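As the structure is a prediction and not an experimental result, all values here were calculated from the model.
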Amino acid sequence: NHPQLFDLLRTSNVAVVKTLEYDPNFVAEIKQISPATIVVARYTPLPIPNLADWNPTETARQFVALLLPIATEPRRQASIDAWEAYNEPTVSNAEEMARLAIFEAERTRLLAAEGIRSCVGNFSTGRPALELWPAFYPALQAVREHRGYLGLRDEGRVGTTAAGFHVEQLAWYDAELAKDDYVKPPI
């Protein structure tokens, strides 16, 4: 909630604001100044799970039960375009990625039933490994069906990560996900 944010919004050059601050007045002011800016709020009431051993469906239900009273407040619902869960989840193998996908897909469906959209993934720059992405398709299918988003991080110039991995990841996205129209462009 930095004052310079509003100066930047007035330039009409801010595509996305990702925020941990979901005060209704704050998010309403963002939309008042820059209606086209996509606002993504993060709410993480539950600790990051051990992806190797958890019940993703039950965790999604718990997450949604905690988020709905906040997300359905009328000013927030009018101003926040999507809600994300865990920030930069780390997956080590396809089984963990599949469990994360189940969580994200169920969370997306449950929130959509209440008129709330999701932003899934929110992986760190250059993650996860390319070979793990197919296991995430259920989450991508859910956001496609419910008008959500795929969140990918980019904390530097494209191509500056180790061995150009981030460039490879984005190229893979363009070649595989975009051609199948799974989700909107990543945010």
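- Of the charged side-chain nitrogens involved, none lies within less than 4.0 Å of a carboxylate oxygen, so that D23 and R76 do not count as a salt-bridged pair.
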- Task: Would you please test R99 and E96 for salt bridge (Lys or Arg N to Asp or Glu O under 4.0 Å) and show each step?
- Result: CA-CA 5 Å; R99 285 186 196 99; E96 290 178 5; 5.7 Å; no

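- Across all their heavy atoms, L132 and N93 have their closest contact at CD2-C, 3.5 Å.
- Nearest heavy atom pair, residue R42 against residue A85, reads CG-O, 3.3 Å.
- Between A142 and A105 the shortest heavy-atom distance is CB-CA, 3.7 Å.
- Between the side chain of E104 and the backbone N or O of G121 there is at least one donor-acceptor pair closer than 3.5 Å.
- Between F123 and N87, every side-chain heavy-atom pair lies at or beyond the 4.5 Å cut-off.
- Connection of I102 to V120 is not established within any shared hydrophobic cluster, with ILVMFWY side chains joined at heavy-atom distances below 4.5 Å, either directly or through further cluster members.
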- Message: Between R144 and L140, is the side-chain contact (heavy atoms from CB on, under 4.5 Å) condition met? List the steps.
- Response: CA-CA 6 Å; R144 176 184 178 204; L140 300 176; over 6 Å; no

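- Taken to the nearest 0.5 Å, the CD1 atom of I80 stands 8.5 Å off from the CD1 atom of I116.
- Between K18 and E84, at least one side-chain nitrogen of the basic residue sits less than 4.0 Å from a carboxylate oxygen of the acidic one, meeting the salt-bridge criterion.
- At a threshold of 4.5 Å between non-hydrogen side-chain atoms, the residues D81 and V40 do not count as touching.
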- From CA spacing to verdict: side-chain contact (heavy atoms from CB on, under 4.5 Å), L100, F136: CA-CA 7 Å; L100 181 62; F136 200 64; 4.1 Å; yes

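- A82 and C119 get closest at one heavy-atom pair: CB-N, 3.9 Å.
- Across all their heavy atoms, T11 and L8 have their closest contact at OG1-O, 2.5 Å.
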- Kindly determine whether W83 and Y149 satisfy ring-ring contact (aromatic ring centres under 6.0 Å, His included), including the steps that lead there. CA-CA 9 Å; W83 289 84; Y149 300 93; over 10 Å; no

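- Side-chain contact between R10 and S34 is absent, with no heavy-atom pair separated by less than 4.5 Å.
- Counting all heavy atoms, side chain and backbone alike, V27 lies closest to S79 at O-CB, 3.5 Å.
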- Task: Applying side-chain contact (heavy atoms from CB on, under 4.5 Å), run through E106 and L110 and close with a yes or a no.
- Result: CA-CA 6 Å; E106 182 69 6; L110 293 170; 3.7 Å; yes

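- Atom CD of E114 sits about 15.0 Å away from atom CZ of R109, to the nearest 0.5 Å.
- Between V17 and L9, the closest side-chain pair of non-hydrogen atoms falls below 4.5 Å.
- Under the 30°/60° scheme for interplanar angles, the aromatic rings of Y86 and F103 are found to be tilted.
- Put simply, CZ on F6 and CD on Q32 are 9.5 Å apart, with the number rounded to the nearest 0.5 Å.
- The closest side-chain heavy-atom distance from I48 to T90 is not below 4.5 Å.
- For the residue pair N25 and R75, a side-chain donor N or O sits within less than 3.5 Å of a side-chain acceptor on the partner.
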- Show the numbers, then the answer: is there a side-chain contact (heavy atoms from CB on, under 4.5 Å) between V16 and T37? CA-CA 5 Å; V16 178; T37 296; 5.6 Å; no

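- Using a 4.5 Å heavy-atom cutoff, the side chains of R107 and S118 are in contact.
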Donor-acceptor pairs are to be reported for all side-chain atoms of residues 54-71 against protein atoms at under 3.5 Å, with residues two or more places apart or in another chain.
unit_1: N55; atom_1: OD1; unit_2: T57; atom_2: N; d: 3.2
unit_1: N55; atom_1: OD1; unit_2: E58; atom_2: N; d: 3.0
unit_1: T59; atom_1: OG1; unit_2: N55; atom_2: O; d: 2.8

